[in-house]
Number of protein chains: 2
Amino acid sequence: MSKSTLAADTGTAEPKTLVESAYRNLRRDIIEGRLPPGEKLRVEHLKDHYGVGAGTLREALSLLIADALVVSQGQRGFRVAPVSIEDLADITRTRVMLESEALRQSIAMGDDAWEGDLLAAFHRLSKAEEKRIGIDDREEWEERNRIFHEVLISACPSRWIKHFLSILYQQAERYRRLSLFLQPIPRDVHAEHEALLQAAMERDADKAAAILGEHIMLTFRSIEAIPREQLNHPLAA
Amino acid sequence: MSKSTLAADTGTAEPKTLVESAYRNLRRDIIEGRLPPGEKLRVEHLKDHYGVGAGTLREALSLLIADALVVSQGQRGFRVAPVSIEDLADITRTRVMLESEALRQSIAMGDDAWEGDLLAAFHRLSKAEEKRIGIDDREEWEERNRIFHEVLISACPSRWIKHFLSILYQQAERYRRLSLFLQPIPRDVHAEHEALLQAAMERDADKAAAILGEHIMLTFRSIEAIPREQLNHPLAA
DNA sequence: GTTTTAAAAAATCTCGAGAAAATGTATTGA
DNA sequence: TCAATACATTTTCTCGAGATTTTTTAAAAC
């Protein structure tokens, strides 16, 4: 299981520096909605909360611009990136295009080790689904879901496609979290994942890509159906 | 002509802050090869050259990570992103996929104003091609070439596709510059651009996408043909 | 001659304080 | 009452100096 998509990815390595630590904490708080969309990010206030200096926090915020989770404008400081249904639709469509292509290439290139990784990731995800009741297990499920999707396309040789997809996945996860405060998941995600696994193992690229595309689109529709007010409706350009 | 692809894009606006100014100068020096691939970027040394403080320069370098022009590793500072033929091949393939799709959507959605912008951009590019002899005009041509490609896909409604393409274009430009120190352009770029314009104006999406794909691939092959030593061969993972 | 160990040098990373800019508030005038 | 101006507060932006970590250099041991 490869650890990173593109050079200097601060993906899963241990935080060796305070900048990286602040970067991760900020990213988590934005994705999980504790820092709502559009919120002003005052350095003087945040540096105390995250226990770092002003310069260090500014650097962490600069890093988050790469993930499009933070925006900055001239001399007016930083803000949490705004959200909108239009943006989510764009993210979804772009993700369907890239992830379908990546899956096709992955199915074409994947070897036995890939099949093994895929089975293992699916198994771990299933186990997390079985005993998922409380909110405590949600983090675990989110992580394993992410890894399952990552392993699916891991045999795709294009680092750039995987890099872009990791950004889009992160964005989509933020929308999912923002809506999931009250909304339970109605659809049978497990069945979709299982069908996806089966198609991938059978090396049926067309079938797998179709299922994956539908899988991503369904996630979009379940969020789209939620009234806009529930999305912590910030501004939306 | 829209000015930016995604929020907080430091694209063409005036540099209002020292961080932004340093960011631009650094980006230019990396793309144009003055800071060669793999080069160590020592903050203490660079802060004098760019006339800013250490913290400011660090922030500018953090911004450049978003463009994948700079990489950082833990406690070992910053480096100019390495180059390799494999990476360029990846960039090219990904760009062909995204830019073809963007062009199709742009042709489908573009209105009269878009056609006008396209004609204007082509005209400015042609004028720059006519009297392109010295190296001084190269900058002008590069800029107008970038704008032509940008206008081509400007009617594509997906901000994310355009955002990713702007990153990939920047990457491709760096490779082009690195190889163009000695290599002149043998192929008839003007004719390709003209065919592209015509197909776009005729709203022939298939034809336009095919020409564009071939156009991008040809650029890759002309660089690929260059011996690796000429690419300032740094390390290449 | 090679490897290991240890000190010295360099570079990164971090912080707090000062200058520039933007935002908010109150006062003045019509 | 409303608009415009001037002042005060807040916040961003910037810099230089100090603490860790990495890298280099040199000596010592095998």
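Labels below follow one simple rule: chain letters A, B, ... track the order of the sequence lines, proteins then strands, and each chain is numbered from 1. Atom set for the values below is all heavy atoms of this structure, side chains included, hydrogens, waters and symmetry mates excluded.
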Intermediate values then yes/no, side chain to side chain donor-acceptor pair (under 3.5 Å), A:Arg95 and A:Gln171
CA-CA 10 Å; A:Arg95 212 186 132 202; A:Gln171 291 283 327; over 6 Å; no

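Summarising the geometry of B:Gly77 relative to B:Lys40, their closest heavy-atom pair is CA-NZ, 4.2 Å, with the distance given to 0.1 Å.
Distance, A:Glu44 CD to D:dC13 C1': 11 Å, rounded to whole Å. Straight-line distance from the CZ atom of B:Arg58 to the P atom of D:dC13: 18 Å, rounded to whole Å. Atom CG of A:Leu18 is separated from atom C1' of D:dT21 by 13 Å (rounded to the nearest Å). If you take CG of A:Leu41 and C1' of D:dT12, they are 13 Å apart, rounded to a whole angstrom.
Residue contacts for A:Gln75: at a heavy-atom cut-off of 4.0 Å it reaches the sugar-phosphate backbone alone, with no base atom in range. Residue A:Leu57 is out of contact with every strand shown, counting any heavy-atom pair closer than 4.0 Å. At the heavy-atom level, B:Leu61 lies nowhere under 4.0 Å from the strands shown.
The residue from A:Asp87, A:Leu98, A:Thr92 that alone fulfils the side chain to side chain contact (heavy atoms under 4.5 Å, CB included) condition with B:Trp160 is A:Asp87. Shown are B:Glu150, B:Glu173, B:Arg176; of these, the side chain to side chain contact (heavy atoms under 4.5 Å, CB included) with B:Asn145 is made only by B:Arg176.
Here B:Thr17 reaches the OP1 or OP2 of D:dT14: one of its side-chain N or O atoms lies under 4.0 Å away. For the OP1/OP2 pair of D:dT11 and a distance below 4.0 Å, the side-chain nitrogens and oxygens of A:Arg42 include at least one atom meeting the criterion.
Running 5' to 3' along DNA chain C, contacts with non-hydrogen atoms of chain B at under 4.0 Å begin and end at C:dA11 to C:dT14.
In this structure, the separation between CZ on A:Arg42 and NE2 on A:His49 is 14.5 Å, given to the nearest 0.5 Å.
A:Leu35 meets the side chain to side chain contact (heavy atoms under 4.5 Å, CB included) test with A:Leu26, A:Asp29, A:Ile30, A:Leu41, A:Tyr50, A:Val80; sequence neighbours excluded.
Along DNA chain C, the nucleotide nearest B:Lys40 and the nucleotide nearest A:Gly55 are compared for position; the residue whose nucleotide lies closer to the 5' end is B:Lys40.
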